[in-house]
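Heavy atoms only: backbone and side chains are in, while hydrogens, waters and symmetry mates are out. In this text the structure is predicted, and so the values were computed from the model without any measurement. Here, residue 1 is the first one in the sequence, and each next residue gets the next number.
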Amino acid sequence: MRVRRLAAWTALPLAVTLGLAACGSGGDGGSGSSDPNAAVSIQIGEPQHLVPTNTTETSGSQVLAGLFSPLVDYDAQNKPYEVAAESVTSSDNKVWTIKLKDGFTFHNGEKVTAEDYVNAWNYGAYAPNGQGGSYFFEKIAGYADLQGEKPKAQTMSGLKKVDDLTFTVTLSEPYIDFKTMLGYNAFYPLPDAAFSAPGVLKDSYEQAPIGQGPFKMKGTWQHDSKIDVERYDAYPGEKPKVKGVEFRVYQQLSAAYADVLGDNLDVLPTIPTESLSNAPTDLGDRYQVSPMSSFQFLAFPTFDKDFSNPDVRKAISMAIDRDEITKSVFKGSQEPARSFVSPVLPGYRENTAGSAAEFNPTEAKKLYQAAGGPSKIVISYNGDGGHKDWVDATANQLKANLGVEVVGSAEPKFADLLTKVEKKQPVGMFRLGWVMDYPSMEDYLGPLYSTNGSSNYYGYSNPEFDKLVKEGSAAKTQDEAIAKYQQAEDILAKDMPVIPLRFGENVYGHSSKVKNVEMDLFQRVNLVKIEAAS
């Protein structure tokens, strides 16, 4: 089972858009003149990787967003528009033709061609290369032949170069959101210079990635310290308004918060939870809030007899006062969730969980007792993610409202929790979070709830749900797809394999030395908009 955008934190990474109520301005228009020859600093954690097909976390994604330009990005309505692509077209949603814009070059001077995409995607899909984002290519014909210890092939049959700036992608079956997927970093190209032989990436590439984006590497990756990039003047797209960016690695958000308060750090993408109460006062108009796509939930091991009855799951959900916890623990920086997909998405509907997400302790206790719910509930969570406070609050509510023993149980790391869940060890209920890869309902429903979903850790399976999601993916129009996805979401409301808890928001701060600080769909600072105040 593969992990996609599961979120380990409570003050989360990723995604923005319209639709959620914001506490602040969600951006800083700034005023006065700017200095195009100044560099700015942005807090990150130590990236796991800086190879596009192997980067599945937000810090690495932030760096790559400066070094690379995507085929498509997303407008204010979360619809894809072409960036490095001239066009992305299909008449049947199965065979797609991608034409590249002329004029893009890699930072070493190589012209970007169709072959650079084909080579990069084949490298990412080839199982022996162990790329974390390999599954993004599984919809392409021939992907299966690249899997296993001894794959049948090294390249996908679905990728064909047409000419220097054109290639086709044949999928195994129609997928209406394929163009939308292409904004994800796994679909960046790689230059010839990245490879030591066909299909073999140079060991040194990751230390100084060569992209085709608005910034180029300045030196090499300084592990656990910083990554410096500088403006790439030959970039044909929108030019950055700063000379460079220092991505500064912090071990503790509290230290970064102190630095941004003291103007020693320019952008802190996530305000630490313990500072949420004071941040608006501390930072003033440098405190910013904007929507994002994160989704926090409690999952049930549906294979465990204690939680196999949907009425037990529904009763537990009804015994949780989401509004109170959001207000008391998160200081209003997140939104109570009563649906299974984010409000940022086309097709989102309010309160699709219906009565199961309405706080009703009296009915919850009656339902729980009638359904024979367990006398003791354990809520497992990762101790390194800042979850203790809200888990304790939830446990206290369940104790009071259901009259049962409830305890929180912390695993040292997120990976430890996932390992136990994957092995179906007894962990009780467990917390998970999700941040979208690209703006589609399918990106929530498929990975999280399909029988073979890449992050369905709770063993949920409903053939009718699977059928509807598959029909949505193969739909001819977006409206038809959304209708199918919504029908599938309605099934979740009956089965309640998870309890929706909260939708996240970007809560960030910046120094007085920068302006026009914006966060994009995936909790990344917009690197071509930010300016240094002069």
Side-chain angles (χ1 to χ4, degrees), residues 295-322 325 336-341 349-381 391 394-395 397-399 401-406 421-422 424-434 441 444-453 455-470 472 484-502:
F295 172 46
Q296 289 279 346
F297 56 95
L298 277 174
F300 295 100
T302 58
F303 45 82
D304 185 327
K305 63 179 178 59
D306 282 345
F307 301 106
S308 60
N309 185 341
D311 281 348
V312 171
R313 307 195 290 253
K314 183 177 179 180
I316 293 173
S317 176
M318 293 167 63
I320 297 173
D321 188 345
R322 294 161 176 75
I325 291 175
R338 296 183 172 86
S339 299
F340 297 89
V341 302
R349 296 167 296 162
E350 290 185 0
N351 197 20
T352 54
S355 60
E358 294 176 3
F359 179 52
N360 190 336
T362 302
E363 291 302 316
K365 190 170 185 177
K366 288 179 184 177
L367 185 62
Y368 192 81
Q369 292 176 340
S375 58
K376 179 179 179 179
I377 296 173
V378 175
I379 303 175
S380 291
Y381 62 98
V391 169
T394 303
Q397 288 186 353
L398 293 177
K399 284 180 193 175
N401 298 329
L402 297 179
V404 296
E405 183 181 358
V406 186
V421 171
E422 198 167 4
K424 296 187 176 180
Q425 294 179 0
V427 298
M429 297 166 57
F430 51 97
R431 64 72 42 188
L432 287 177
W434 183 255
M441 289 183 72
Y444 287 77
L445 301 178
L448 292 177
Y449 310 113
S450 292
T451 299
N452 296 315
S455 296
N456 178 358
Y457 281 88
Y458 15 95
Y460 173 66
S461 179
N462 185 315
E464 180 63 16
F465 175 88
D466 293 345
K467 174 174 171 287
L468 288 165
V469 173
K470 189 172 182 179
K484 291 292 184 181
Y485 293 148
Q486 290 179 338
Q487 291 177 46
E489 188 183 8
D490 290 342
I491 291 177
L492 297 180
K494 298 175 182 175
D495 291 349
M496 291 296 288
V498 308
I499 298 176
L501 293 177
R502 294 176 301 280

Novice: What's the separation between atom CG in Asp495 and atom CG in Asn462, rounded to the nearest 0.5 Å?
Specialist: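 So the gap between those two atoms works out to 5.0 Å.
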Novice: So, do Phe340 and Tyr444 sit near enough that their side-chain heavy atoms are less than 4.5 Å apart?
Specialist: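 No, side chains not in contact.
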Novice: Check whether any side-chain N or O of Glu489 sits under 3.5 Å from a backbone N or O of Ser339 as a donor-acceptor pair, and report yes or no.
Specialist: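 No: the side chain of Glu489 does not pair with the backbone of Ser339.
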Novice: How long is the straight-line distance from OH of Tyr460 back to CE of Met496, given to the nearest 0.5 Å?
Specialist: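 Atom-to-atom, Met496:CE and Tyr460:OH are 11.0 Å apart.
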Novice: Determine, stepwise, if the pair Thr352 / Gln486 fulfils side-chain contact (heavy atoms from CB on, under 4.5 Å).
Specialist: CA-CA 9 Å; Thr352 54; Gln486 290 179 338; over 6 Å; no
Novice: Considering only residues two or more places apart or on different chains, which pairs with a residue in residues 300-319 satisfy side chain to side chain donor-acceptor pair (under 3.5 Å)?
Specialist: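 Only Lys314-Ser355, Ser317-Arg322 qualify under side chain to side chain donor-acceptor pair (under 3.5 Å).
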Novice: Describe, in one word, how the ring planes of Tyr458 and Tyr449 are oriented to each other, choosing from parallel (under 30°), tilted (30 to 60°) and perpendicular (over 60°).
Specialist: tilted
Novice: Evaluate the side-chain proximity of Arg431 to Leu501: yes if any heavy-atom separation is below 4.5 Å, no if none is.
Specialist: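 Leu501 does not reach Arg431 side chain to side chain.
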Novice: Got a sec: does the NZ of Lys470 have more than 12 other heavy atoms crowding it under 6.0 Å?
Specialist: no
Novice: Quick one: CZ on Phe297 to CZ on Phe430, what's the gap to the nearest 0.5 Å?
Specialist: 8.0 Å
Novice: Give the minimum heavy-atom separation between Glu464 and Ile491, together with the two atoms involved.
Specialist: CG-CD1, 3.5 Å
Novice: Any donor-acceptor pair under 3.5 Å linking the side chain of Asn456 with the backbone of Ser450?
Specialist: yes
Novice: Might you point out which heavy atoms bring Ala319 and Phe359 nearest each other, and give the distance in Å?
Specialist: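 For Ala319 versus Phe359, the nearest heavy atoms are O-CE1, 3.6 Å.
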Novice: State, with a plain yes or no, whether a side-chain heavy atom of Leu298 is found less than 4.5 Å away from one of Thr394.
Specialist: yes
Novice: Would you mind writing out the side-chain donor-acceptor pairs for residues 361-380 within the sub-3.5 Å range, not counting sequence neighbours?
Specialist:
from   : atom 1 : to     : atom 2 : distance (Å)
Tyr368 : OH     : Pro374 : O      : 2.5
Ser380 : OG     : Val427 : O      : 2.6

Novice: Which heavy atom of Ala337 sits nearest a heavy atom of Phe295, and at what distance?
Specialist: CB-CE1, 4.2 Å
Novice: State, with a plain yes or no, whether a side-chain heavy atom of Asn351 is found less than 4.5 Å away from one of Glu358.
Specialist: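 Yes, at least one pair of side-chain atoms sits under 4.5 Å.
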Novice: Locate the shortest heavy-atom distance separating Val406 from Lys399; write the atom from each residue and the value.
Specialist: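 Result for this residue pair: O-CE, 2.9 Å.
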Novice: Do you know which two heavy atoms are closest between Trp434 and Ser455, and how far apart they sit?
Specialist: CZ3-OG, 3.7 Å
Novice: State, to 0.1 Å, how close Leu445 and Val341 come at their nearest heavy-atom pair, and which atoms those are.
Specialist: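 Closest approach of Leu445 to Val341: CD2-CG1, 4.0 Å.
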Novice: On the 0 to 90° scale, with breaks at 30° and 60°, tag the Phe300-Phe307 ring pair as parallel, tilted or perpendicular.
Specialist: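 The rings of Phe300 and Phe307 sit tilted, inter-plane angle from 30° to 60°.
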